[in-house]
Number of protein chains: 2
Amino acid sequence: MTTTRASRPRRKRAGQYHHGDLRRALIEQALRVIESTGAEALTLRGVGAALGVSRTALYRHFADKEALLAAVASEGFRLLRAALVEGWEQNGRGTAGFEAMGAAYLRFAIGHPAHYRVMFGRFVESGVRDPGLEVESESAFGALVDALTTLQRDGLARADDALLQARFVWAVTHGIAMLVIDGQLRGGDEDAAALNRYAAERLRQALSAEPAPASPR
Amino acid sequence: MTTTRASRPRRKRAGQYHHGDLRRALIEQALRVIESTGAEALTLRGVGAALGVSRTALYRHFADKEALLAAVASEGFRLLRAALVEGWEQNGRGTAGFEAMGAAYLRFAIGHPAHYRVMFGRFVESGVRDPGLEVESESAFGALVDALTTLQRDGLARADDALLQARFVWAVTHGIAMLVIDGQLRGGDEDAAALNRYAAERLRQALSAEPAPASPR
DNA sequence: ACCTGAACACCGTTCAAGT
DNA sequence: ACCTGAACACCGTTCAAGT
């Protein structure tokens, strides 16, 4: 029971705890578990064990499990926004940029299905949320509103209420993402790609700035 | 320790168990809990207690909790299909019927959000499912495909691949339902109604049988 | 401040046993 | 066949205690 440091089962620096930034490490470990085995399989005990801390250390940084998931969701919206903005800006901020945005959205959702589900599925209740979550979510949506506003200004999209138009576009894209993620398209990647193409065409027609052909009276 | 029947803690008929159809009672009780407090709050012990049976009685009828949820989901698709078909048939099997179908879909999802989430959320894994689930799900989707096929035949919708077209329409409607259910439209009912109206207009334009106006060269 | 270990009140599921 | 009670191996969370 002397302080011979060779016999300690786990090496720990004296006077310093495990992490410089345990909060950050907890979010990253949670995300790692979620991406590899799904959010349902996430246990706080497992996260603590993987990081070499006690299973209650987490409560110094998060009120409860939901607060940790809210932080993970918030991180997701930040990444999603970055992907959307990149697609838009790297492709000319016009029609091509808009379609690149849609492709980036689906690539994110399909590439990180478990993360995407934490962002939208009801893992995070409507009650007390991460203060940043609402902000990040609004910010990602804002990128879409901005793009549509620009398209409208340049005569490339119908001059409707931009917020309403953005919600419609979001619903279409979100709906496709969810169907693909949930495996409702039994053809797999092939069918998903075909649906993406078809949806892009129909959306172009639906948002076309040109007046709809006169009804046959 | 004699068999005085007055001292028994719970009255039970001799020679008869609790239910004529425990399986059915379990599904209905599970649905009751889900609709009132959400699927996350569903516990097998609670279901058993509410029905006055032991918490393991359930395993005579379902392999596990997921199998019970699959049965609940299957029931949901049956109800959804009935609502869709009614909207279509009671409104003339034309454009009006098609829009009534969409309205019925959203009414079902928004009226039974927890049930809807069990049908689509990842409560039921892609692995072993209720044999009826896939069938019921396909059947509900089939109602949509049939309606679109009819519209195409009558020149009321673009003559695209009906399956692909149906998937697109489904994605739009599913996307709206999910955004509303998940509380992403902060305006509440007002905003949801406005989005529904706008989406119906855009969808009409997107599926219009008339050729799109010639592009400006 | 930050972390620990023990304890509490739950879960789903298994299993030997009863009728 | 259908149901039961005890037991097992988990959970998230709380709390007094350590440094």
Side-chain angles (χ1 to χ4, degrees), chain A residues 1 3 5 8-27 29-30 33-34 37-72 118 122-125 127-128, chain B residues 1 3 5 8-27 29-30 33-34 37-72 118 122-125 127-128:
Chain A
M1 283 301 195
T3 53
R5 53 184 193 269
R8 305 289 290 280
R10 302 268 163 110
R11 66 221 135 79
K12 290 183 189 176
R13 307 280 196 68
Q16 202 199 346
Y17 292 108
H18 284 71
H19 295 87
D21 193 351
L22 180 57
R23 186 190 142 85
R24 187 72 218 156
L26 287 164
I27 294 174
Q29 176 59 24
V33 174
I34 288 166
T37 51
E40 309 79 15
L42 182 75
T43 74
L44 300 188
R45 295 155 115 97
V47 170
L51 260 41
V53 300
S54 131
R55 57 183 175 267
T56 59
L58 180 145
Y59 289 91
R60 287 296 120 195
H61 300 281
F62 297 99
D64 52 21
K65 188 178 186 177
E66 202 175 308
L68 173 60
L69 285 169
V72 169
V118 172
R122 211 74 320 257
F123 292 102
V124 180
E125 270 303 320
V128 186
Chain B
M1 283 301 194
T3 54
R5 55 184 194 270
R8 306 287 291 280
R10 301 274 163 105
R11 65 225 135 80
K12 290 185 188 177
R13 306 279 198 67
Q16 202 200 347
Y17 291 107
H18 283 69
H19 295 87
D21 192 349
L22 180 57
R23 188 190 139 85
R24 187 71 218 157
L26 287 164
I27 294 175
Q29 176 58 25
V33 174
I34 288 167
T37 51
E40 310 79 14
L42 183 75
T43 74
L44 299 189
R45 295 156 115 97
V47 171
L51 262 42
V53 298
S54 132
R55 56 183 175 267
T56 59
L58 180 145
Y59 290 90
R60 286 297 117 197
H61 300 280
F62 298 99
D64 53 20
K65 188 178 185 177
E66 202 175 308
L68 173 60
L69 284 169
V72 170
V118 172
R122 211 73 322 255
F123 293 102
V124 181
E125 271 302 320
V128 186

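Lettering of chains follows the sequences in order, A, B, ..., and the numbering in each one begins at 1. Fair warning: this is a prediction, and the values are worked out from it, not measured in the lab.
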Inset, instruction - Can you tell me the pairing partner of C:dG5 across any strand shown, Watson-Crick or G-U wobble, with both distances under 3.5 angstrom? - result: D:dC15

Inset, instruction - Figure out the CG/P separation between B:L69 and C:dG12, and round it to whole Å. - result: 10 Å

Inset, instruction - Grab the CZ-P distance between A:F62 and C:dC2 for me, whole Å please. - result: 13 Å

Inset, instruction - Only one of A:V47, A:T37, A:V118, A:V72 passes side chain to side chain contact (heavy atoms under 4.5 Å, CB included) with A:L42; say which it is. - result: A:V47

Inset, instruction - Pick base, sugar-phosphate or nothing for B:T43, based on heavy-atom distances below 4.0 Å to the nucleic acid. - result: sugar-phosphate

Inset, instruction - May I have the distance from A:R55 (atom CZ) to D:dT13 (atom C1'), rounded to whole angstrom? - result: 11 Å

Legend entry - d(CZ, B:R23; P, D:dC3) in whole Å: 14 Å

Inset, instruction - Evaluate the side-chain proximity of B:D64 to B:L44: yes if any heavy-atom separation is below 4.5 Å, no if none is. - result: no

Legend entry - Side-chain heavy atoms of A:L68 within contact of A:Y59, under 4.5 Å: no

Inset, instruction - Respond yes when some side-chain nitrogen or oxygen of A:H61 is under 4.0 Å from OP1 or OP2 of C:dC3, and no when none is. - result: yes

Inset, instruction - Find out whether A:I34 and A:L69 are in side-chain contact, i.e. whether some heavy atom of one side chain is under 4.5 Å from a heavy atom of the other. - result: yes

Inset, instruction - Specify the separation, in whole Å, of atom CG of B:L26 and atom C1' of D:dC3. - result: 12 Å

Legend entry - Pairwise 5' ranking along DNA chain C for A:R45 and A:T56, keeping only the more 5' one: A:T56

Inset, instruction - Check the distance between C:dC8's C1' and A:Y59's OH and give it to me in whole angstrom. - result: 13 Å

Legend entry - 5' precedence on DNA chain D between A:G46 and A:R60 (nearest-nucleotide basis): A:G46

Inset, instruction - Under a 3.5 Å limit for both distances, which nucleotide forms a Watson-Crick or G-U wobble pair with C:dC10, could you say? - result: none

Legend entry - Side-chain heavy-atom pair B:L22, B:R60 within 4.5 angstrom cut-off: no

Inset, instruction - Rounded to the nearest angstrom, tell me the gap between atom NZ in A:K65 and atom P in C:dC10. - result: 18 Å

Inset, instruction - Please state how far atom CG in B:L44 lies from atom P in C:dT14, giving the value in whole angstrom units. - result: 11 Å

Inset, instruction - Pick base, sugar-phosphate or nothing for A:L42, based on heavy-atom distances below 4.0 Å to the nucleic acid. - result: sugar-phosphate

